[in-house]
Amino acid sequence: MSTTSTDPRAAAAALLVPGTTCHGFTVERRETVPELDADAYVLRHTASGARLLYLACDDENKAFAIGFKTPPADSTGVFHILEHSVLCGSAKFPVKEPFVDLIKSSMQTFLNAMTYPDKTIYPVATTNEQDLYNLMDVYLDAVFNPAIYTKPTIFEQEGWHYELDLPEGAEGEGGDSSASLREGTLRYNGVVFNEMKGALSDPMSVLDDAVNAALYPDTAYAHESGGDPRAIPALTYEQFLDTHARHYNPSNSYITLYGDLDVDRALAFLDERYLSQPSAASRRMDAAVAAGEDPSTLAPNPLGVQASVTCEYKRVEMATTPENALVGLGLVLGSALDRKRTIAADILFEALLGSNEAPVKKAILAAGLGGNVASYTAAESLQPYELIMLQNAQPGVARELRRVFQDACRDLCEHGVPRERLEAIISSNEYDLRQRDYGIADGVAIACDALSTWLYDDDAATLALKYGPVYEELRGELDGSYFEDLLRELVLENDHMALVELVPVDATEGAEGAEAAELAAKRDAMTDAELADVVERTAALRAAQEAEDTPEAKATLPRLRVSDIGEARPEPPLVVDTTAPIPCLRHDIPTNRLAYAMQYFDLSCVAVEDLPYVTLLCRLLKQLPTSERSAEELDNLLASKLGFLSFTTEVMTQPDVNGVRPYLLVSAGALSEKIDALASLPREVWSSTLLLDADADRVRDVLTQIRIGLEQGFINNGHSAALGRAMSYSSPSAVVREQLSGVDFYLFLRDLLEHFDERLDDLRAKLAELAGRIFVVDGCMASFTGSDEDFDAYWDAAGDLGLGAGDGAGRDALVVPAPCDRHEAFVIPSDICFAASACDPRRLGLDVTGTWAVAANALSYDYLWNEIRVKGGAYGCGFRAAGERQTAFYTYRDPAIDPSIERVERAGAWLGRFEPDEAAFEGFIVSCVSGMDAPVKPYALTKRRNTTYLAGLDPHAREERRAQMLAATPGELRSLGTDVTRIAAESPTCVFGGRDVIAKSNAGFNVVDLMG
């Protein structure tokens, strides 16, 4: 809970008077930011040159961030490796993993670091003020005084190193002999190296990199800031240290403070502890100057403006499936400091390309050039750009895409961009801005937003945050030709653009083969002594990774105690309002003058083989005309009147281990002043969409877009797909989810697309029949979140939502087949893998209480982190004990399968020996409870409470689980070791990964070539 008692805005106004100095900081100016209900103060630390922005507001979820301008000079990923490495111990906190220790022991609501193409940011957030200072202390010492200068193993672990895999039995026969060394396979390993192998398995990332290189060939943006696996091994340890010393200094830093905090204390802390003290980086720089090095060579990398260039065509090859063919058209928009132009461009391209009814997207789809068109505005760079991307592109259509795109834009310039579309997009954006649901702690998102202009101009610290006047001005521009003039400049007259085609090639021609050949040549060129050194250095790295932190080192870390945890934030009871025309879950939650309405339609009336059609129904609603208006008219109306409208499916696991209840969920949100639309528009869509007359091309386009989205998910978030599939081997609920959104749905969709023409009429009829059966009052449960006035107004307008009673036929049609373990490994175009082992613990007779959550914390951030991430080189891993109905192990962007499986098998034994000291164990409890207590936005809270009700969970279960966490003991965790061993042994496993990675496994998977 917050420890401040005064109004933060009043306290800041009294202390931070422009022109005065406070703890070494000069207050340069004060501004009101009404968009955030905050006052902004811009300060500069006189001695060090550090910049600081404080946003004083009444938000208990306080935040701190420090960022550095870090434009790369090559694609070795040095700044990405630094981002990981500085959080691996520091002078004041000499433990191996202070970042992980903070995750295990703090009340953080956000704790991470991010590398952008031109900056690196280290943000934290928490609701506890003392915790904020603890997090700040560790982060500031990490960035200014990291252990990287004395521990080269950090660079090897997080960046890259050689490993020599010896033939089986070679070590036992004298593994250090030259013969056995010569037989070994040389390979690269490292956390960032493997992370980027996964990241650059995504064709969209590869295309974006190629577009940036073509648009900005003479600047930092031409390089892959995350690191190209082909370039990462070129980075040396000395270059790594030199880069840190030149960039991680206060004069190159941007500090943000946010929320209800004691700013006087915060400024004193920053000044006395860090900004007025020498750092490891400054000492290295001083030594370089003393040694005679030219000071000009010690400056940070420059970030220059790219002169206009035109790339008429560029071809990029990638080892991936043919469906991943892409074409990208990049258009530079201007300067990051021209906020009106950047925001207007974002609105304009959303209006032209943001939906299937958008005029330019419609023209491209009609031309039959590919399966989907997407666009996004990359605003967080010195020269923002728009990327228009054709997915599932036909061969050789790059120039035709540009022609069709330009012709459609030319027509709009001449005849006008539809004002109803522009107005709808502006209204939709304004809804999102009022909702302020960033998906992360507000202060963290705002700190990152501020840097999108502040990084390029010291006077622009708040420029990106004060969007209100810009939107007001753009509404005024709807009456003139501003948007047509802007479209002409950006598309028809733009001499700063690039056209790039990504062409899939056979995997044998790709990066993996080149890397293998490169490593074989390196091994052959090494002397016996150099090969032996690789083995010795790997052993030294393993020894460093396995070494325990000393008690003295652990004692340096600041920790919260269980006594620092406040009482649970009370929630109003969930009320089932039976006075409404339909039973309604009523949520009394503050919403900032927004309202949310939902309807849950029971899918027990749908046979299991028809479940995939329900997902298609959800995706096609809103995309087709209704009996009252065209698809284009509907698209514009929904965007202008509602914040969002979605048709999705949710599966509620029931108290009976075999019980399952799927729903079709209709969710909508609107401003309070648009309650009538909230009541009428969802009803119009579900009741009068013209399914029987659905246009074939529209339907095919939507189905193709779904397929493309699923394939991107398999490549980028394979651990989620693996978790779902692994659960389906033993859980009826997961079997249903697979039919609705998993691999089974994907295979159904591919088959439907392959036989689309012959199945179209049956598809139309099936969708119409399902809609008539699902959208009835029988089995429907409503939900409403908003003020009492909005609740009454909603039901006055909605009535009975036009739902018929239904005939009751087939109400129990859903019969779920018995799950079975398929032991599958799905081949995807990737150089790494994702794996998961999962089950419903009730099948093993296990009662997963809050104590299990503490055990999951210990296993994830102690044992598994050290074994699978640190030693194994995987980017992520963990153990979940999600409530009482799922337990799971998973790995993310893992270079190998079998070593991780073996480590998972040993997890229970580790837990059985678990003997943490008192402070460390309290930390596990604190972090678990803080996760439950973290502030939740109204919409997310509404969905969580609805799920509790519909899944038949005890409404007091969260309170009981929290109490169990607080009461957990080390002995109770050790007693779970045998159960964890059972879970690891008896939970079915599923893998998504590259063909070569799967082929190296001896686990006997049934291999499925998922994407051809």
Side-chain angles (χ1 to χ4, degrees), residues 24 26 28 44-52 66-83 85-86 115-122 140 142-146 148-150 152 155 159 212-213 216-225 227 231-232 234-255 274-307 309 335-337 381-383 451 453-461:
T26 298
E28 295 182 345
R44 176 81 74 141
H45 190 257
T46 305
S48 68
R51 306 158 188 82
L52 186 140
I66 184 166
F68 300 91
K69 186 183 290 186
T70 55
D74 53 41
S75 293
T76 60
V78 61
F79 290 116
H80 188 187
I81 298 169
L82 278 169
E83 175 221 308
S85 299
V86 300
T115 303
Y116 291 80
D118 56 13
K119 54 187 167 284
T120 310
I121 306 177
Y122 298 84
L140 287 164
V143 297
F144 290 131
N145 302 299
I148 59 174
Y149 289 98
T150 57
F155 168 71
N212 270 273
Y216 311 108
D218 306 318
T219 75
Y221 300 111
H223 307 298
E224 170 51 72
S225 58
I232 289 173
L235 180 65
T236 68
Y237 178 56
E238 282 302 311
Q239 291 169 336
F240 169 74
L241 297 182
D242 171 68
T243 303
H244 178 271
R246 290 188 296 112
H247 295 85
Y248 280 61
N249 57 74
S251 64
N252 192 42
S253 71
Y254 301 78
I255 299 170
Y274 291 99
L275 300 182
S276 293
Q277 303 297 326
S279 67
S282 65
R283 286 189 287 271
R284 182 178 174 89
M285 297 287 279
D286 291 343
V289 172
E293 194 161 339
D294 182 354
S296 66
T297 66
L298 304 178
N301 294 343
L303 181 60
V305 174
Q306 175 66 56
V309 294
S335 166
L337 301 177
S381 59
L382 178 58
Q383 295 167 279
L451 278 172
T453 54
W454 192 17
L455 193 78
Y456 315 119
D457 187 337
D458 287 350
D459 293 328

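What you see is a predicted model, and the numbers here were worked out from it, not measured in a lab.
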Of all heavy-atom pairs between [X] and [Y], which one has the smallest distance, and what is that distance?
X    : Y    : answer
Y456 : D118 : OH-OD2, 2.6 Å
G304 : T219 : O-CG2, 3.5 Å
A220 : L303 : CB-CD1, 4.2 Å
T120 : T70  : OG1-OG1, 2.9 Å
A142 : P146 : O-CB, 3.2 Å
V78  : F240 : CG2-CA, 4.1 Å

Measuring from [X]:[atom1] to [Y]:[atom2], what's the distance to the nearest 0.5 Å?
X    : Y    : atom1 : atom2 : value
F79  : H247 : CZ    : NE2   : 3.5 Å
T243 : N301 : OG1   : CG    : 6.5 Å
I148 : L82  : CD1   : CG    : 5.5 Å
I121 : F68  : CD1   : CZ    : 11.0 Å
K69  : L451 : NZ    : CG    : 10.5 Å
N212 : Y221 : CG    : OH    : 9.0 Å

Revision key, fill the gap. Contacts of Y116 meeting ring pair (Phe, Tyr, Trp, His ring centres under 6.0 Å) (sequence neighbours excluded), chain-then-number -> none
Practice item. Specify whether H244 and Y149 have parallel, tilted or perpendicular ring planes, treating 30° as the upper limit for parallel and 60° as the lower limit for perpendicular. Key: perpendicular
Among residues at least two apart in sequence or on other chains, which ones pass salt bridge (Lys or Arg N to Asp or Glu O under 4.0 Å) with [X]?
X    : value
R283 : none
D74  : none
D286 : none

In chain order, what residues pass the side-chain hydrogen bond (donor to acceptor under 3.5 Å, both in side chains) check against [X], with sequence neighbours excluded?
X    : value
E224 : none
Q239 : T236
Y254 : none
Y216 : none

Practice item. Evaluate the side-chain proximity of M285 to N249: yes if any heavy-atom separation is below 4.5 Å, no if none is. Key: no
Check your understanding: Do NZ/NE/NH1/NH2 and the carboxylate oxygens of D458 and R51 come within less than 4.0 Å?
Key ->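 Looking at D458 and R51, the cut-off is met.
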Test of understanding: with side chain to side chain contact (heavy atoms under 4.5 Å, CB included), list the residues that count as partners of [X], not counting sequence neighbours.
X    : value
A50  : H45, S48, P250, S253, I255, L275
H223 : P72, S75
A288 : E293, L298

Exercise for review: Apply the test side-chain contact (heavy atoms from CB on, under 4.5 Å) to residues D459 and W454: give CA-CA distance (whole Å), side-chain angles for both, the deciding distance (0.1 Å), then the verdict.
Suggested key: CA-CA 7 Å; D459 293 328; W454 192 17; over 6 Å; no
Exercise for review: Mind jotting down which residue pairs meet the salt bridge (charged side-chain N to carboxylate O under 4.0 Å, His left out) criterion with at least one end in residues 238-251? Sequence neighbours excluded, please.
Suggested key: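 Applying salt bridge (charged side-chain N to carboxylate O under 4.0 Å, His left out) to every pair that reaches into residues 238-251, excluding sequence neighbours, yields E238-R284, D242-R246.
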**Study point:** Trace of the side-chain contact (heavy atoms from CB on, under 4.5 Å) decision for Q277 with F144
**Key:** CA-CA 10 Å; Q277 303 297 326; F144 290 131; over 6 Å; no
